[in-house]
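What follows is a set of notes on a single structure, which appears directly below.
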Amino acid sequence: MTAFYGVELPTAFMLGTAQYPSPAILGAAFGESAASVATVSVRREAAGAQAGEGFWRLIRDLGVHVLPNTAGCHSPSEAITTAKMARELFETDWIKLEVIGHSDSLQPDPFGLVEAAASLCRDGFKVFPYTTEDLVLADRLLDAGCEVLMPWGAPIGTGLGLVNPYGLRSLRAQYPDVPMVIDAGLGLPSQAAQAMEMGFDAVLLNTAVAKAGDPVAMAIAFAKAIEAGKLARNADPMDPRDMAAPSTPLIGKAFLQ
């Protein structure tokens, strides 16, 4: 299993904690799917109140790694402040860094993302940057100190899957030794399997499970798809061909005149 900042996770499934019908369903989704990382919105928990404390107890009881995120931040200063709040609140230096640059597509702001990543890396954070498949941006994030990349599959919450397979394959090939997580935009387990078949190390999603008619069943389906994709990748799949090739040998076949 690929290590993320020195931590080897038991599964390649990272799951968000927002929008579930109830805390019980959230807990069951994690338990039944064996997701190994829970992403948590810092802003929601920073509101204080007893509800936030109860939610934090629920997350602790899951027994998984916590990856706080800076969701909803639109500037480097806002994201940096939120990350520091997260480190105090959740007692971890892991942070999923989001700096949103476009309100409709929720596309990352590449300039703000690099600025915030550099600052947080200098401050000892282990940054998981929510980024695109752009190779130049990947270079800048790695130069800033990030040791993990989290390219989107599609805009957050769309369920469109891997909208730019060419770009994602190019990113994976360019940095074969960098741990990478497909983050956002997945809607079906088959799309998660495709990501793992491409060689990505983990998948992170939220909406596709939380908003499903049966979130627990969908979480299990994603877990199985992620494992299947990983097994397929490790099995060294055949390359696609332009021409047909018979699977049954012609040697020994009778030819009638």
Side-chain angles (χ1 to χ4, degrees), residues 1-4 8-15 33-37 105 107-108 128-139 141-142 146-209 212 217-257:
M1 182 66 190
T2 300
F4 297 91
E8 290 191 5
L9 301 172
T11 70
F13 193 9
M14 303 182 178
L15 187 56
S33 69
S36 58
V37 172
S105 67
Q107 182 170 326
F128 293 68
Y130 163 63
T131 182
T132 66
E133 66 275 17
D134 185 274
L135 294 174
V136 177
L137 178 53
D139 254 343
L141 289 168
L142 295 173
C146 298
E147 297 179 15
V148 174
L149 295 174
M150 300 183 77
W152 66 354
I156 295 171
T158 61
L160 293 172
L162 308 181
V163 297
N164 185 6
Y166 170 78
L168 290 170
R169 287 193 185 96
S170 297
L171 181 67
R172 179 69 282 180
Q174 184 70 26
Y175 306 101
D177 299 322
V178 175
M180 292 190 195
V181 182
I182 290 293
D183 175 21
L186 301 185
L188 293 171
S190 57
Q191 297 161 355
Q194 182 186 8
M196 297 301 292
E197 289 168 359
M198 283 184 180
F200 288 92
D201 302 291
V203 167
L204 192 158
L205 56 100
N206 188 158
T207 308
V209 166
M218 187 61 77
I220 295 170
F222 267 101
K224 290 180 180 294
I226 290 167
E227 183 62 20
K230 179 181 175 183
L231 288 171
R233 176 68 179 187
N234 291 341
D236 190 18
M238 63 175 285
D239 293 325
R241 297 170 53 99
D242 291 328
M243 299 293 292
S247 57
T248 301
L250 297 178
I251 297 175
K253 178 181 177 181
F255 289 92
L256 302 178
Q257 297 294 333

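All heavy atoms count here, side chains included; hydrogens, waters and symmetry mates do not. Being a predicted model, the structure only gives us computed values, none of them experimental.
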Item to check | Heavy-atom side-chain contact between Phe4 and Val37 under 4.5 Å | outcome: no
Checklist entry - Can you list the residues that meet the side-chain contact (heavy atoms from CB on, under 4.5 Å) rule with Ile156, with sequence neighbours excluded? => result Glu98, Leu106, Tyr130, Ala184
Checklist entry - Is the backbone of Met180 close enough, under 3.5 Å, to the side chain of Asp201 for a donor and an acceptor to pair up by distance? => result yes
Next on the checklist: Measuring only between side-chain heavy atoms, which start at C-beta, is Met198 closer than 4.5 Å to Pro165?
Outcome noted: yes
Checklist outcome for this item: Given the options Glu227, Arg233, Lys230, Met196 meets side chain to side chain contact (heavy atoms under 4.5 Å, CB included) only with Lys230
Next on the checklist: Can you give me the closest heavy-atom contact between Ser36 and Leu9, atom names plus distance?
Outcome noted: OG-CB, 3.7 Å
Item to check | Within-4.5 Å side-chain heavy-atom neighbours: Met218 and Pro189 | outcome: yes
Checklist entry - Side-chain contact, heavy-atom cut-off 4.5 Å: Thr158 with Thr207? => result no
Checklist entry - Taking side chain as C-beta onward, heavy atoms only, is Leu205 less than 4.5 Å from Leu15? => result yes
Checklist entry - Does the side chain to side chain contact (heavy atoms under 4.5 Å, CB included) test come out yes or no for Asp139 and Tyr175, once each step is laid out? => result CA-CA 9 Å; Asp139 254 343; Tyr175 306 101; 2.9 Å; yes
Next on the checklist: Testing the basics here: between Gln107 and Thr132, what is the closest heavy-atom pair and its distance to 0.1 Å?
Outcome noted: CG-CG2, 4.2 Å
Next on the checklist: Consider side chain to side chain contact (heavy atoms under 4.5 Å, CB included). Of Asp134, Leu137, Asn164, Ile182, which one does Pro151 pass it with?
Outcome noted: Ile182
Next on the checklist: With a 3.5 Å distance limit and no angle check, can you tell me whether Thr11 reaches the backbone of Ala34 through a side-chain donor-acceptor pair?
Outcome noted: yes
Checklist outcome for this item: Sorted by chain and number, sequence neighbours left out, ring-ring contact (aromatic ring centres under 6.0 Å, His included) with Phe200 holds for none
